[in-house]
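Predicted model, so just to flag it, every value in this text is computed and none were measured. All heavy atoms count here, side chains included; hydrogens, waters and symmetry mates do not. Numbering of ligands and ligand atoms starts at 1, following listing order.
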Amino acid sequence: MTRAVQIEQHGGPELLKIVDVNVGEPGPGEIRIRHHAVGLNFIDVYQRTGLYAMPMPLQLGMEGAGVVEAVGAGVTHLKPGDRAAYASQPPGSYCEVRVMPAKCVCKLPDAIDFETGAAMMLKGLTAQYLLKKTQPQGGLKEGDFVLFHAAAGGVGLIACQWARAMGLQLIGTAGSDAKCALAKEMGAAHVINYATEDFKARVMEITGGRGVKVVYDSVGKDTWDKSMDCLQPFGLMASFGASSGPPAPFAPGVLGPKGSLYVTRQTLFTHIATRESTQAMADDLFATVASGQVKIRIDQRYPLEQVQQAHRDLEARKTTGCTVLTL
Ligand SMILES: NC(=O)c1ccc[n+]([C@@H]2O[C@H](COP(=O)([O-])OP(=O)(O)OC[C@H]3O[C@@H](n4cnc5c(N)ncnc54)[C@H](OP(=O)(O)O)[C@@H]3O)[C@@H](O)[C@H]2O)c1
């Protein structure tokens, strides 16, 4: 048996309940992992509220780190006793121990502790594929401007540092002056408080009227329209979240007059669809963290029993950087 966080229906944080569930033996292609820490992500909120409809009952959580206890037939990259971390479907990481597919679980380098591993896999692999693989026509070069919304959040602070390491000029937005200062300290070249400033006007000022090559937009409804107006001709609008709600539907015809823009909606789960792609991205992330170019800030820790409060704080924009649930 293990303690796990479960919901019986979609709704508010009060529906998150700790229950006892059975944990079996891993089947073919699966492992059993005992968590030392669990990562909290905004996708957990979408799955709880029903923005992403899920079958019930649902055990939440997409990220964790711990020790492999058992491996099923056909699993060759992990063995019992290995330290490991993952971002993976299906949900279910908010627990002490679980059986899960092995494909997305990676050996954790000795230099990276469990909490850091639990905090960084989903958010770090996302920053990796956004900055390295979600690029405009012609790619990104040193000195290029990109706009990154919610820059003081979990994905955001990793992206600020990684963009700086790549020589990019990341313009980060955030909802308070304190969050802006944090994003700047962590590598954003410029910051904009989008609660008090017109971010489109500021982007044009910063870029000398040229605009940016890419907007990385995880905020959605509140930023979508203005974000498109921040792009250079042929620029890329990269949507990857909806923390303020999904953007309104739009007609492709609007993209022409705005400068023959490109639009994409990306999800990590396409990028980590295979063992090989997951490991290649994880190796890049591990090397970047080990080199010190990207530091994983864990700004909040909650015991698993306080998972309701953790969700409330994330939704209320009270958090910065990464958040872990401790066991
Ligand atoms: N598609 C993918 O592959 C993928 C993978 C990982 C994450 N994501 C997305 O990336 C985003 C960041 O994820 P995260 O886990 O690191 O979360 P986070 O950035 O730590 O938290 C979300 C942030 O969004 C901002 N925000 C703006 N409007 C908001 C609103 N109405 N309600 C709540 N927050 C609002 C807040 O920052 P300010 O106060 O500074 O505005 C808040 O702190 C999320 O949208 C998530 O869904 C997508």
Determine, using heavy atoms of Y46 and all atoms of ligand 1, whether some pair is separated by less than 4.0 Å. yes

Nitrogen or oxygen atoms of F240 and ligand 1 under 3.5 Å apart: yes

Pull out every atom of ligand 1 sitting under 4.0 Å from any heavy atom of G241, numbered as shown with elements. 45 (O)

Under-4.0 Å heavy-atom contact with ligand 1, by part of V219 that carries it: side chain

Return the minimal non-hydrogen interatomic distance between V215 and C230, and the atom names on each side. CG2-CB, 4.4 Å

Going by atom types only, do S277 and T274 share a side-chain donor-acceptor pair under 3.5 Å? yes

With nothing but distance in play, are any N or O atoms of Y194 less than 3.5 Å from an N or O of ligand 1? yes

Can you check whether F42 has an N/O within less than 3.5 Å of an N/O in ligand 1? yes

Give me the ring orientation class for Y94 and H311: parallel if the planes are under 30° apart, tilted from 30 to 60°, perpendicular past 60°. perpendicular

Report the part of R265 (side chain from C-beta onward, or backbone N, CA, C, O) that has a heavy atom under 4.0 Å from ligand 1; answer both or neither where that applies. side chain

Is the F250 ring parallel, tilted or perpendicular to the W224 ring (thresholds 30°, 60°)? tilted

Which pair of heavy atoms, one from A188 and one from V191, lies closest together, and at what distance? CB-CG1, 3.8 Å

If you look at every heavy atom in Q47 and L58, which pair is closest and at what distance? O-CD2, 4.0 Å

Under 4.0 Å from any heavy atom of A150, which atoms of ligand 1 are there? 24 (O), 25 (C)

G175 N/O under 3.5 Å from ligand 1 N/O: yes

Heavy-atom contacts under 4.0 Å between T126 and ligand 1: side chain, backbone, both, or neither? side chain

Are any of the side-chain nitrogens in R3 or E305 under 4.0 Å away from the carboxylate oxygens of its partner? yes

Can you tell me which portion of Y129 lies within the under-4.0 Å heavy-atom range of ligand 1? Options are side chain, backbone, both, or neither. side chain

Please determine whether any non-hydrogen atom of A242 lies less than 4.0 Å from an atom of ligand 1. yes

R34/E96 ion pair, N-O < 4.0 Å: no

For E315, take its heavy atoms, then give the atoms of ligand 1 lying under 4.0 Å from any of them. 32 (N), 33 (C)

Measure L122 to ligand 1 on non-hydrogen atoms and call it side chain, backbone, both or neither using the 4.0 Å cut-off. side chain

Mode of Q266 contact toward ligand 1 - side chain, backbone, both, neither (heavy atoms, under 4.0 Å): backbone

Could you tell me, atom by atom, which parts of ligand 1 come under 4.0 Å of a heavy atom of K179? 37 (O), 38 (P), 39 (O), 40 (O), 43 (O)

Compute whether any side-chain donor of one residue and acceptor of the other, for Q300 and D313, lie under 3.5 angstrom apart. no

Does atom NZ of K184 have more than 12 heavy-atom neighbours from other groups under 6.0 Å away? no

Is the closest N or O pair between L314 and ligand 1 shorter than 3.5 Å? no

